Structures are given as C-alpha cells and as structure tokens.
Amino acid sequence: MITDIKRERIVDILRNKEIGRKVSIYGWVKTRRDSKGGFSFLEINDGSCLRSLQVIADKSLSNYESEVLRLNVGSSVMVKGTIVASPGKKQDIELQAEEISVIGWADPAEYPLQKKRHSFEFLRTIPHLRVRTNTFGAVARVRNAISYAIHKFFQENGFIYVHTPIITGNDCEGAGEVFKVTTFDLSEIPKKEDGEIDFSEDFFGQKAYLTVSGQLEAEAYALALGDVYTFGPAFRADNSNTPRHLAEFWMVEPEMAFSGLERAIRVAEELIKYLFLFALENCREDIEFFNKFIEPANLKQIQKGIEQDFARITYTEAIEMLSKAKRQFQYPVEWGCDLKTEHERYICEEVFDKPTIITDYPKGIKPFYMKLNPEGETVMAMDILVPRVGEIVGGSQREDDYDTLLMRMKEQGVDPQDYWWYLELRKFGSAPHAGFGLGFDRFIQFITGISNIRDVIPFPRTPNSLGFLNRRVYGSDI
RNA sequence: UCCCCGGUAGCUCAAUCGGCAGAGCGGGUGGCUGUUAACCACUAGGUUGGCGGUUCGAGUCCGUCCCGGGGAGCCA
C-alpha cells in the first residue's frame with residue numbers, strides 16, 4: 001500500500017492548486033468535524049508545511065461508518081481523491097476523498113495532544129509527540145532551513161566543511177565544564193598505587209571528554225585549507241538552569257586563515273543577515289505563525305537585522321555608556337569586569353534595539369587563545385548580542401605568536417603540555433587567523449521568538465533532564 | 001548552585017478565614033450543522049506531587065524531599 005501509491009506533499013498541493021487532479025496524501029489527522037448531511041471534514045497535516053489540507057469524506061466511502069467516523073486527532077491516514085475548489089471561507093481548495101485508509105489509530109482516550117493549545121511545559125514531557133503541534137513542526141522546518149542555509153552560505157563563499165571530533169582529550173578551554181567519557185565499570189574503577197584513577201586502563205588510555213567546541217581542531221584545518229567551518233553538537237556540563245542554556249547544543253564555527261578580527265566580524269554579520277533573509281524567503285509561513293502566536297516582535301526584528309548595519313562598539317565604549325546610564329544596575333560597572341546580562345540587555349535592547357557587536361574585551365575575562373591587542377590590555381575579541389536572547393556569537397582573532405600564546409597559557413593556568421599540538425600550529429607556518437562560534441539554537445530562538453531554548457531543539461538535554469524520565473505510563477502493557 | 005513563584009481531573013485552571021474538590025477543554029453517548037480551535041445536551045473522570053507534622057477538621061498552615069517555571073551566575 002505504501003509503495004505503490006505516490007505520496008504527494010501537502011505543501012505542493014496547496015501551492016499548485018491543480019483543481020481536478022487526482023492525488024494521494026499521507027499524514028496525520030488534526031481534527032474531524034462531522035456533518036449529519038452524511039459527510040465529515042478531516043484536516044490532514046503531513047509536516048511538509050504549517051497548513052493542513054481539508055479532506056471531504058462522505059458516506060459513499062465504504063469505511064465511512066466503520067472507520068472515518070472514528071478517526072481522531074493523531075491517527076495516520078492515506079487519502080486518495082480529487083482536488084476541488086472549496087466553498088468554505090478558510091481555504092480555496094480541498095480534497096474530495098475517494099478512498100481513505102487508516103494506517104495507524106491513535107486512541108483518543110490516551111492520545112495526549114488536543115486540538116487546543118498546550119503549555120510548553122507540558123509539551124516538554126512528550127518530546128516525541130510535540131513535533132506534531134503547529135509550533136514544534138514550524139520550529140523543525142525552520143531549523144532545517146537554517147541548517148541548509150548555513151552550509152549554503154559557507155559553500156558559496158569557499159569555506160570547507162570540517163568534521164571536528166565529538167570526543168576529545170582537551171579539558172578546560174575556558175568554555176565551561178566538560179562531560180567525561182569512559183568505558184570504566186563505575187563500581188570498579190582501576191586505581192593506581194597512589195590511589196589515583198588509572199586512566200591508562202580506560203578506552204582511550206587517557207582522560208576523554210565530550211567536546212565543548214570544535215574551534216581548536218578547526219584552527220588546525222584552517223591552517224592548511226584556508227577558510228573552514230564546523231557545524232555540530234557541543235556539550236557543556238555546567239549546572240546552568242536558564243532558558244538560554246542546553247547541555248547539548250549545536251554550534252557553527254568558522255575559522256579563517258590569513259584573516260584578522262575585522263574579517264571575522266564581517267563574515268559573522270554577513271552570515272546572520274544571509275540567514276535572516278533565507279528564513280524570510282523560505283519559511284515565510286512559519287515565521288509569520290511565530291509572529292502571530294509566539295512573539296509579535298520577531299518579524300520586525302528580523303527585518304531590521306537585514307536592513308540596518310549591526311551596532312558596533314568597543315568594550316571600553318560599552319563601559320562608558322553603562323556608567324553614564326540613567327539607571328541602577330545590580331552589578332557595578334567598572335573597566336575590567338565582565339558584562340553581566342543586565343548590562344548586555346541595556347546596551348543591545350535599550351540603547352540600540354538591534355544586533356550589537358562588542359569588541360576588544362579586557363584580556364583577563366577572555367580565554368588564552370585570543371590575540372592580544374598591541375596595547376597589551378585587551379584582546380581582539382568580539383561578541384554579537386541580539387535582543388531578547390543575548391549573546392549569539394563569540395569570536396576572536398587567535399593568538400598566532402608562539403611565545404605570546406605560551407605566556408598566555410601560563411598566565412591562565414593552562415598546562416601547555418596538554419596543548420602541544422595546538423602550540424605547534426604556531427611553530428610551523430603560523431599565520432594570523434580568526435573565527436567565531438554562532439550558537440545555532442539561540443539563533444533559532446531569535447528568529448522564532450520562542451523564549452525557552454528547550455523548545456527550539458527536538459530533544460533538549462538540561463541538568464536533571466534527559467527526557468522521558470518523569471512520564472506517566474499509559475496502561476500496563478509495558 | 002543561589003533567590004523567587006508554582007505543582008488540584010488527560011489538558012488549562014478555580015476553590016474566600018483551615019470547613020461538602022469545581023469549571024472549561026479533551027473523552028464517551030445523543031442531537032444539530034459546508035464545517036473549520038464548530039455548536040447544543042447529558043455523562044464518566046480526583047491518593048489535590050511524595051513523606052511527616054499541627055488541628056475536631058488540611059488542597060489551604062508547618063517541616064522535608066521531588067518536579068516544573070522565572071530571575072541570577074557560568075556561557076553559545
């Protein structure tokens with residue numbers, strides 16, 4: 001049954017409006033409304049777009065009484081029929097069914113999704129089903145489109161996609177806590193004579209971690225291939241409980257050889273504008289849905305992001321603005337301190353109200369690999385902030401001088417022996433290079449307007465939550 | 001990890017001073033209608049997050065633990 005009938009996508013049917021054509025669709029029932037005139041309206045969604053296709057099922061169908069009248073939200077069906085003009089007000093075409101096959105029932109007494117809207121908190125308890133809602137379907141399509149656009153942008157600009165490792169031996173890059181990777185039997189960990197854990201017995205013969213960033217490895221490839229980028233998952237074991245943090249998230253990290261901070265900034269701004277435009281041109285319906293039901297500011301902010309240059313100031317200028325601001329901050333502002341959330345929000349949302357680039361931070365609050373400015377107090381770093389979400393990009397020109405890098409490692413308590421290969425990149429054919437990381441999920445947060453990052457990724461991982469742990473179990477069959 | 005708020009029917013939420021645990025949606029049954037978050041009637045549905053305490057009496061007060069949310073820190 002599945003293989004001998006062409007499955008047409010509802011998005012194409014709705015776009016082409018070929019009245020009179022016979023089509024077959026497969027999808028899930030969103031709602032059923034019966035008419036005692038002897039027919040029912042079914043709305044079928046197949047995930048290809050936000051909108052559903054209205055199906056007219058009448059009593060001439062052999063299984064009308066036995067099956068169609070029992071169809072409920074969530075059931076999967078095949079509908080074969082003819083596209084006709086709709087007399088209804090909310091759609092111009094509909095599908096007059098000639099055959100309906102129920103593929104999978106969804107018992108309405110147990111199926112947790114209703115036609116009505118649910119809270120995001122509840123939907124988080126059913127990540128395997130929430131994607132069937134309008135909002136999560138739209139998020140999934142936007143994530144897909146933006147992923148594609150990221151590759152498209154870099155490929156069109158001569159960047160080479162590099163698969164940096166997920167498992168790494170790098171500890172402590174100044175980017176948060178790491179997850180440890182081991183095959184040890186945790187109840188029986190091998191110890192050395194002095195009581196220390198004997199990692200030579202472990203799978204890799206040494207300590208291993210999940211990567212917090214592909215940057216260091218990307219640098220190695222940039223210093224051979226020119227412009228490269230990675231796009232993959234990163235893992236942070238920080239106990240962060242906020243709407244902007246995940247333990248597993250996706251990050252885009254370009255790295256460019258023979259380039260400085262200015263190019264990194266330019267590429268980042270061009271990339272973001274490109275993605276904004278791509279979203280508007282390719283996900284218009286979904287973005288408008290978010291604008292209507294989730295965040296009434298997101299569409300305007302995307303458009304503003306495309307039309308206007310990003311605001312740009314140095315850290316030092318930011319500190320001046322903050323100290324002159326006519327308002328009280330909870331954290332004091334003085335040169336050398338890190339910018340707190342309240343400071344970033346003030347500058348990005350109240351002063352500029354658009355994407356804002358802040359550059360040249362004090363060296364003390366940034367990691368060892370960022371290149372020192374000639375005056376020796378600041379580093380060639382940049383962050384890009386956006387309204388509502390905050391920091392979505394962090395980048396820098398990398399320290400390409402061997403001796404300076406070694407000195408910076410020692411200053412920050414990083415053991416150079418752990419980074420011998422990274423140092424070697426500065427020993428053999430070193431070159432100025434720069435790069436940045438774009439938080440993919442935060443970017444999706446910005447364009448969708450969804451306020452909690454747990455709702456822009458399919459299966460969110462956060463402290464104390466791997467999903468599915470606190471679920472009721474229906475019936476007693478498992 | 002810290003601060004604040006919350007946890008009541010499948011879902012979204014009420015319940016006055018500590019005094020009979022309710023509504024809407026969803027489900028079931030019936031009715032009505034080219035409907036469109038359809039509509040109308042009836043109906044079933046509860047260990048009020050767990051444990052302990054105060055009290056004649058606890059959804060409500062106290063203690064504790066679990067879970068969720070918001071804010072903060074850390075960061076992308």
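Computation of the quantities below employed the complete heavy-atom set of this structure, encompassing side-chain atoms and omitting hydrogens, waters and symmetry-equivalent molecules. Just so it is clear, the structure is predicted and the values come from calculations on it, not from any experiment.
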Cation-pi check, A:Lys180 to A:Tyr209: give yes when NZ or CZ is under 6.0 Å from the six-membered ring centre and within 45° of the ring axis, no otherwise.
-> no
Whole-angstrom distance between B:U54 and B:C61, as gauged at atom C1' = 8 Å
Under the side chain to side chain donor-acceptor pair (under 3.5 Å) criterion, do A:Tyr64 and A:Ser40 qualify, and how do the steps go?
-> CA-CA 9 Å; A:Tyr64 182 69; A:Ser40 301; 2.8 Å; yes
Touch check for A:Asp34, heavy atoms < 4.0 angstrom, all strands: base, sugar-phosphate only, or nothing?
-> base
Taking OH from A:Tyr111 and P from B:C25, how many angstroms apart are they, rounded to a whole number?
-> 21 Å
Select base, sugar-phosphate, or nothing to describe what A:Pro108 touches, counting heavy atoms under 4.0 Å on all strands.
-> sugar-phosphate
Below 3.5 Å, does any donor atom in the side chain of A:Ser240 face an acceptor in the base of B:C75, or the other way round?
-> no
Listed nucleotide nearest any side-chain atom of A:Lys89, set B:G70, B:A72, B:U36 | B:U36
Identify whether any heavy atom of A:Asp107 sits under 4.0 Å from a base atom; if not, whether one sits that close to sugar-phosphate; answer base, sugar-phosphate or nothing.
-> nothing
Considering only heavy atoms and no angle criterion, is a donor-acceptor pair shorter than 3.5 Å present between the side chain of A:Gln91 and the base of B:U35?
-> yes
Between P of B:G68 and CG of A:Asn464, the distance in whole Å = 6 Å
Side chain to side chain donor-acceptor pair (under 3.5 Å) between A:Asp58 and A:Gln96: does it pass, once the steps are laid out?
-> CA-CA 9 Å; A:Asp58 64 39; A:Gln96 178 69 47; 3.2 Å; yes
Do the rings of A:Tyr346 and A:Phe329 sit parallel, tilted or perpendicular, given the 30° and 60° boundaries?
-> perpendicular
Indicate, with a heavy-atom threshold strictly under 4.0 Å, whether A:Gln330 touches base, sugar-phosphate, or nothing.
-> nothing
Given that A:Val393 and A:Arg33 both sit by RNA chain B, which one's nearest nucleotide is further toward the 5' end?
-> A:Arg33
B:G28 to B:G10 separation - C1' atoms, rounded to the nearest Å = 14 Å
